[in-house]
Amino acid sequence: MMQLIELMVVEAQRHRRKPLDQAMFNKVINYEFPSNQTVKHNLKSGAVLTLCGDHERCWDIQDDKVMVDDRLVPVIHMYDRDSRTKELFLSKIPSPQK
């Protein structure tokens with residue numbers, strides 16, 4: 001953990017006063033941190049479906065449920081990255097009565 005923090009500090013010092021924490025973390029963990037010390041979850045088959053470009057066509061919406069290979073996905077990470085899931089989620093949030 002200290003190794004990760006040290007790498008993050010170096011990266012943060014390169015980008016002072018910029019809100020780039022996720023981008024910096026991704027750069028450090030993917031390119032500078034030893035790969036034998038990280039575990040990456042499968043973006044498709046695990047409990048969490050991460051909506052990024054890698055799996056654009058592997059999932060579908062059926063009856064207001066996000067499905068992967070006929071399996072209901074319990075957690076959608078970055079739901080707002082795709083207009084279909086964003087619209088679905090927003091449609092489920094009650095709006096104030098006028």
Side-chain angles (χ1 to χ4, degrees):
M1 184 57 122
M2 292 307 296
Q3 183 181 4
L4 176 61
I5 291 171
E6 288 170 7
L7 290 168
M8 287 294 296
V9 166
V10 170
E11 195 64 27
Q13 289 174 337
R14 290 180 58 229
H15 302 282
R16 291 184 183 273
R17 295 179 183 77
K18 293 181 182 175
L20 300 172
D21 59 321
Q22 184 67 53
M24 285 187 271
F25 176 80
N26 291 348
K27 178 181 181 283
V28 167
I29 206 72
N30 287 308
Y31 300 107
E32 298 173 22
F33 201 72
S35 62
N36 65 342
Q37 295 181 31
T38 61
V39 176
K40 296 182 181 181
H41 76 279
N42 183 308
L43 299 178
K44 177 183 168 190
S45 65
V48 178
L49 173 64
T50 301
L51 295 183
C52 57
D54 297 355
H55 303 297
E56 189 173 318
R57 303 212 191 285
C58 78
W59 58 272
D60 191 17
I61 297 176
Q62 301 169 5
D63 299 321
D64 287 349
K65 296 177 181 86
V66 178
M67 309 290 284
V68 172
D69 299 330
D70 296 322
R71 176 182 60 87
L72 177 64
V73 179
V75 179
I76 313 296
H77 178 52
M78 301 190 317
Y79 76 91
D80 60 336
R81 303 291 174 95
D82 186 276
S83 61
R84 296 170 294 164
T85 51
K86 183 177 180 179
E87 183 179 317
L88 173 64
F89 278 73
L90 293 176
S91 74
K92 301 301 178 190
I93 299 171
S95 60
Q97 297 290 328
K98 291 187 178 184

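From a predicted model like this one, the values you see are computed outputs, not experimental measurements. These numbers come from the heavy atoms of this one structure, side chains and all, not from hydrogens, waters or symmetry mates.
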Listed pairs under 3.5 Å, donor-acceptor, residues 73-80 side chains, sequence neighbours left out:
none

Check which hydrophobic residues are tied to Ile93 through side-chain heavy-atom contacts below 4.5 Å, counting indirect links as well, and list them.
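Ile93 clusters with Leu90.
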Report whether Met67 and Leu49 are members of the same hydrophobic cluster (ILVMFWY, side-chain heavy atoms less than 4.5 Å apart, transitive linking).
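The answer is no; the residues belong to distinct hydrophobic clusters.
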On a heavy-atom basis, which atom in Ile61 and which in Val66 lie closest, and how many Å separate them?
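The answer is CG1-CG2, 4.3 Å.
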If the condition is salt bridge (charged side-chain N to carboxylate O under 4.0 Å, His left out), which residues does Asp70 pass it with, not counting sequence neighbours?
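Not a single residue meets the salt bridge (charged side-chain N to carboxylate O under 4.0 Å, His left out) criterion with Asp70.
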Atom pair CD1 (Ile29) and OG1 (Thr38), whose distance is rounded to the nearest 0.5 Å:
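The distance works out to 6.0 Å.
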A quick test of your reading: do over 12 heavy atoms of other residues, nucleotides or ligands sit less than 6.0 Å from CD of Glu32?
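Yes, the 6.0 Å shell around CD holds more than 12 heavy atoms from other groups.
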Do other residues, nucleotides or ligands put more than 12 heavy atoms under 6.0 Å from the CZ atom of Arg71?
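Counting other residues, nucleotides and ligands, CZ of Arg71 exceeds 12 neighbours.
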Decide, yes or no, whether a salt bridge links Asp63 with Lys65 under the criterion of side-chain N to carboxylate O below 4.0 Å.
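Looking at Asp63 and Lys65, the cut-off is not met.
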